[in-house]
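All remarks here apply to the structure that follows.
We name chains A, B, ... by the order of the sequence lines, and we start the count at 1 in each one.
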Amino acid sequence: MEALFATVTGFLAASGLYLALRGRTFPVVVGLTLLSYAVNLFLFSTGGLTTDGAAVIQAGKTHYADPLPQALVLTAIVIGFAMTAFSVILAMRVRGDQGSDQVNDQRVEDAKEEKS
Amino acid sequence: MSLPLIVLLPLLGSLIPLLSSNRQRNLNAGSTAILPAIALAIALYHAPSVLGGEVPRFSLSWVPQLGLDLAFRLDGLSLLFVMLILGIGLLIILYSRYYLAPEDSMPRFYAYLMLFMTSMLGIVMADNLLLLWVFWELTSLSSFLLIGYWYKQSEARRGARMALTVTGMGGLAMLAGFLLLGHIVGTFDMQTVLDSRQLIQADPRYLPALLLILLGAFTKSAQFPFHFWLPHAMSAPTPVSAFLHSATMVKAGVFLLARLHPALAGSQLWLYIVTLTGLVTMIYAAYFALLKYDLKGVLAFSTVSHLGMITMLFGLDSKLAVIAGLFHIINHATFKASLFMSSGIIDHETGTRDIRKLSGLRHSMPMTAALAGLAAASMAGVPLLNGFLSKEMMLTEALGSGILGGLAWLIPVLATLGSVLSVAYSLRYVRNVFFGPPATDLPKTPHEAPFMMRLPMLLLVGLCVLIGLLPALMVTGILEAAGQATILAPRPELHLAIWHGFNLPLLMSAIALAGGVAIYSVRRTLFSFQRQFPQRNALMLFEYAVRQLLGATQRGIDRLENGSLQRYMLWLIVVVLFLTGSGLLDLTQLKGELPLKPLDGLLIVGAAITILAGLGTAVLHRRRLVSLMMLSVVGLMVSLAFARFSAPDLALTQLAVEVVTVILLMLALFFLPQRTPKESSGARIVRDVLLAASFGGIVASLNYALLTRSLDSISGYFLANSVSGGGGHNVVNVILVDFRGFDTLGEITVLCIAAIGIYKLLNRLRLFMPSSDSEGRPWSKDLHPMLLATVSQTLLPLALLVSVFIFLRGHNEPGGGFIAGLVTAVALILLYIARGVDWAQQRLTFQYQPIAVAGVVIAALTGVGSWFFGHDFLTSAFGHFSIPFIGEVELATAMLFDLGVYLTVVGATLMILANLGKLTTRHRPSKENDKETV
């Protein structure tokens, strides 16, 4: 199970990074979101993978999941949303002001065009 | 207790001139002089005990972590300098009153001058190395202001900049040296450092420390090869030059040599570096002083030359040489300050400082001529004046130097050569300017300056003569005291006298006088000889070097930071790969000691879907809508994973956030291109795939390694104390709102700031609104489908109810402010989608910004509230209450905090989405504003 979980995290991270390396804003935003899923899973898993052990205190129950990574990840999810929102709106603003959705500076793109 | 006042009164005094205006010239100058005069009186009050060998000290801890104390001392060396600084400073205040033109701002000038005086006093009285350095840099800064006083002149600005760069960099080097010294000794306390000579000189760090400190001293005192800034600092007003470049600023360097003499001197290294630097500077600058046409240029180079002489004396391994250096500091200050003042008077009255134009001024200004003549004679070392005495001592010490082995004769010969040149340029200064036929083509008709402007000169020249005639009476006491501080030996016995009988130094003096006259008479040959060399302007070279440096830096930046986000990302990832990869290499095996948990079919299917959806998001990214749908699948699967692995709170949060995110991204996609063009080259794709694959591999390995190892967690504490300490059974929620409440407060603040930032980004944003999708199919005419409208309206109260339920039970069951807030936000957004922004806004008239901000404020106030009960920030209290129909509820202050979280989440989410949604309507903020302005 651990290996499977780790594999999933790895695949998500790889897909996210690949997208984050693209040259247009929207895929980069999607990539960052994907990457944040991977990071959240990773952080979450630092507390171990517990089945049937929600950290809600009940009399007579001794088997609990580690609540600390959960609390951290919970806020990370919300902050991650704020980050996604900010970057995608930034992308829209750039498109509105500069008429382009390229992530690189215009000078880089100009240089590329000159070369080709 | 009065010691710090000597430094602090002038600092306070920098404010005084600002109180009166430029027109009240006497008042301005008079009031400025009061505080330094009091400071001088305090210093003189201490003088008898200091001359008697006592060292008053004062110390106040300032930044003990750094070893920085506000500590002052007043030993003989400090007293000597304090008297020079304050005495000459007061004369300069008087002189400037008449020198400054009506259009020059007197308050500004005096404020800078007093600031400079403070920094200088701080240097000489500091009893802590770091404090000394602080004042040292302050002199660089305040002299920058003074040199650039006429900031409208480009020469002044450039000269000031160069002086600041050179002395400032020297100061930084000196700081490094001081830090090394402090580490060797273990403290920055001056006395301890001075007493630790053997410890310091035995340490291997002595060499770098010495070199760095000397770099600071040599740049400040304009020693070769750092002398070039001083002549260009002559674009300062002349009183500034008279103060800074005769008595104070440039003397800071030689002061430092004297101050640290007990700790650093005595080694072969010190002997050779300091002596030879001084000697070379002395001769080199004296030669150029002879060649300059500008009066102040002559004086500037002669200053450099005399500083060289003092430096050489401090280098020589002899106690009397140090005394001679101290003596020359006094003498040079008196004659050079008066000479600068004379050049200022000449400039003021004739309108020029060019030696080629000036001539015969003794007819029109006889008194200035007489005073300048005496001062120049002192500079040349003519007997019966103070300059003669110290030069005589210098020649004696040069004879007995004993360095350079068989070439030891070089030192006295070169010292005599320096004196010869000194005589020559002094003679030139006096003879060319004051003698000969009266000049006819001067910009102004010369006449004598006002008496009060000549008075400071008169006093200083009077001092030159008095010291020259009665050295034993005038300076023995202070020199003995200063000498004691500098060489830390038993008090030296001094027998200063004018006449020592016929001896070798007297012969050398005679040679110097005769040789000087001879060189002066053949100066035209020297000028034409010099003309064959190309002119090198230090300022141009310096600025060329600065431009080159800036250019190289810019090219470096351009190369590293070329504007390509993709490249930055690449570097970042490569670094991350390297760091984490090297961590993994250290493991003996990837799998840890924990046994693996069994797999089941559901898990395998879930994992497969997640992986496929993740890959799909990446592979299909050019079709953006499809990619987005794949992303949402991943989000849902992650949410399920949280549910599966005992994290119900996370599952709920992820689910709600997923909804909001997808709505947001779809809205954004509406305005952005629907497809990504194919532009990455094949090589680029291969590179990125390889990079992504290795990144994924490393993340997976790391995760696996972590999962199979047992970790010490602090969570046991939370589990044990959640009910008793936090009053809640849902530990995750208790951690969020109680144990780690401060973190949560920070996080909702970030959320709120992000939302406000987005709000500003959307302001007046104009975007092209497509009327069809990428394949040219027009959007549906039915903007608000009936079914959705009805369902959403019916759902709204239910959803709100659910969110209240989730909120209330959050402390004990999965739920809480974050989730409740998201649920509320989703319900409201659904209404926006179903009915349109216009419809929703008519009914939801409130603003979202205040809600988000109110949330943060409530959470913060809850935290502050605990202060009133004598607890730390964000300590929670709780009790049990019974609410009808809901039953027993534990109400904790943490719930109030959670309410803040809830409001922030609702406010921020809606601020983002509702404002983005507004872009799709006719009532775009931008258009609305435009209408108003039309």
Under 4.5 Å to a heavy atom of chain A? For Leu916(B) that would be side chain
**Message:** Within the structure provided, determine whether Gln654(B) and Tyr37(A) are in side-chain contact (heavy-atom separation under 4.5 Å).
**Reply:** yes
Separation between CG (Leu707(B)) and CZ (Phe42(A)), nearest 0.5 Å, reads 8.0 Å
To the nearest 0.5 Å, atom CE of Met1(A) lies from atom CD1 of Ile604(B) at 11.5 Å
Query raised in the report: Would you find more than 12 non-hydrogen atoms of other residues, nucleotides or ligands less than 6.0 Å from Lys760(B) atom NZ?
Result: no
Are the side chains of Phe81(A) and Ile912(B) in contact, using a 4.5 Å heavy-atom criterion? yes
In terms of heavy-atom pairs under 4.5 Å with chain A, the winner among Ala668(B), Pro673(B), Ser710(B) is Pro673(B)
Per-residue tally against chain A (heavy atom, under 4.5 Å) across Leu628(B), Leu669(B), Asp649(B), Thr676(B) peaks at Leu669(B)
Bottom line for Val660(B): the part with an atom under 4.5 Å from chain A's heavy atoms is both
Q.
I'd like to check Asn40(A) versus Val638(B) (side-chain heavy atoms, cut-off strictly below 4.5 Å). Are they in contact?
A. no
Heavy-atom count around Arg95(A) CZ within 6.0 Å, excluding the residue itself: above 12? yes
Taking every heavy atom of Ser646(B) against every heavy atom of Gln70(A), the minimum-distance pair comes out as O-NE2, 2.9 Å
Given Glu658(B), Arg622(B), Met637(B), Arg567(B), the one with more heavy-atom pairs under 4.5 angstrom with chain A than any other is Glu658(B)
Original post:
Are side-chain heavy atoms of Leu41(A) and Asn703(B) found at a separation under 4.5 Å?
Top reply: no
The interface call for Ile573(B) against chain A, heavy-atom contacts under 4.5 Å, is side chain
- Side chain to side chain, Thr75(A) and Asp743(B), heavy atoms closer than 4.5 Å: no
If you tally heavy-atom pairs under 4.5 Å between each of Phe645(B), Tyr704(B), Phe718(B) and chain A, the highest tally belongs to Phe645(B)
Of the listed Ala613(B), Gly614(B), Ser701(B), Ser722(B), the one with the largest count of heavy-atom pairs under 4.5 Å with chain A is Gly614(B)
Taken to the nearest 0.5 Å, the spacing of Thr51(A) OG1 from Leu603(B) CG works out to 7.5 Å
Counting heavy-atom pairs under 4.5 angstrom with chain B, the leader among Ala3(A), Ala13(A), Ala55(A) is Ala55(A)
So, the part of Leu615(B) with a heavy atom under 4.5 Å from chain A: the answer is both
| Hey, does the side chain of Arg93(A) reach the backbone of Ile758(B) with a donor-acceptor pair shorter than 3.5 angstrom? | no
Whatever's closer than 4.5 Å to a heavy atom in chain A on Ile748(B) counts as neither
Separation between CG (Leu691(B)) and OH (Tyr18(A)), nearest 0.5 Å, reads 11.5 Å
Cut-off 4.5 Å, heavy atoms of chain B, and the answer for Ile79(A) is side chain
Answer key: most heavy-atom pairs under 4.5 Å with chain B among Val88(A), Asp101(A), Asp52(A), Thr50(A) is Thr50(A)
Per-residue tally against chain A (heavy atom, under 4.5 Å) across Thr653(B), Leu650(B), Leu599(B) peaks at Leu650(B)
Closest heavy-atom pair, Phe26(A) versus Leu665(B), reported as atoms and distance to 0.1 Å, is CE1-O, 3.8 Å
- Parallel, tilted or perpendicular: rings of Phe44(A) and Phe642(B) (30°, 60°): perpendicular
**Study point:** Side chains of Leu74(A) and Phe818(B) in contact at under 4.5 Å (non-hydrogen atoms)
**Key:** yes
Note: vs chain B, highest number of non-hydrogen pairs under 4.5 angstrom among Ala71(A), Ala82(A), Ala76(A) is Ala71(A)
More than 12 foreign heavy atoms under 6.0 Å from CE of Met666(B): is that the case here?
no
Turns out that what part of Leu49(A) lies under 4.5 Å from chain B's heavy atoms comes down to both
In this structure, CG of Leu21(A) is separated from CZ of Arg684(B) (nearest 0.5 Å) by 8.5 Å
Any side-chain heavy-atom pair of Lys597(B) and Glu2(A) under 4.5 Å | yes
All heavy atoms of Val56(A) vs all of Pro814(B), minimum pair found to be CG2-CD, 4.0 Å
Note: vs chain B, highest number of non-hydrogen pairs under 4.5 angstrom among Gly53(A), Gly10(A), Ala65(A) is Gly10(A)
Legend entry - Test item: Met569(B) and Val28(A) side chains (from C-beta on) under 4.5 Å apart, heavy atoms: no
Under 4.5 Å to a heavy atom of chain B? For Leu43(A) that would be neither
From the list Ala14(A), Pro69(A), Pro67(A), the residue making the most non-hydrogen contacts under 4.5 Å with chain B is Pro67(A)
Closest non-hydrogen contact found for Val8(A) with Ala607(B) is CG2-CB, 3.6 Å
Closest non-hydrogen contact found for Leu68(A) with Ser715(B) is CB-OG, 3.4 Å
Output for pair (Thr610(B) OG1, Leu4(A) CG), nearest 0.5 Å, gives 8.5 Å
Pair count under 4.5 Å, heavy atoms only, with chain B: among Asp97(A), Leu19(A), Val39(A), Thr7(A), highest is Leu19(A)
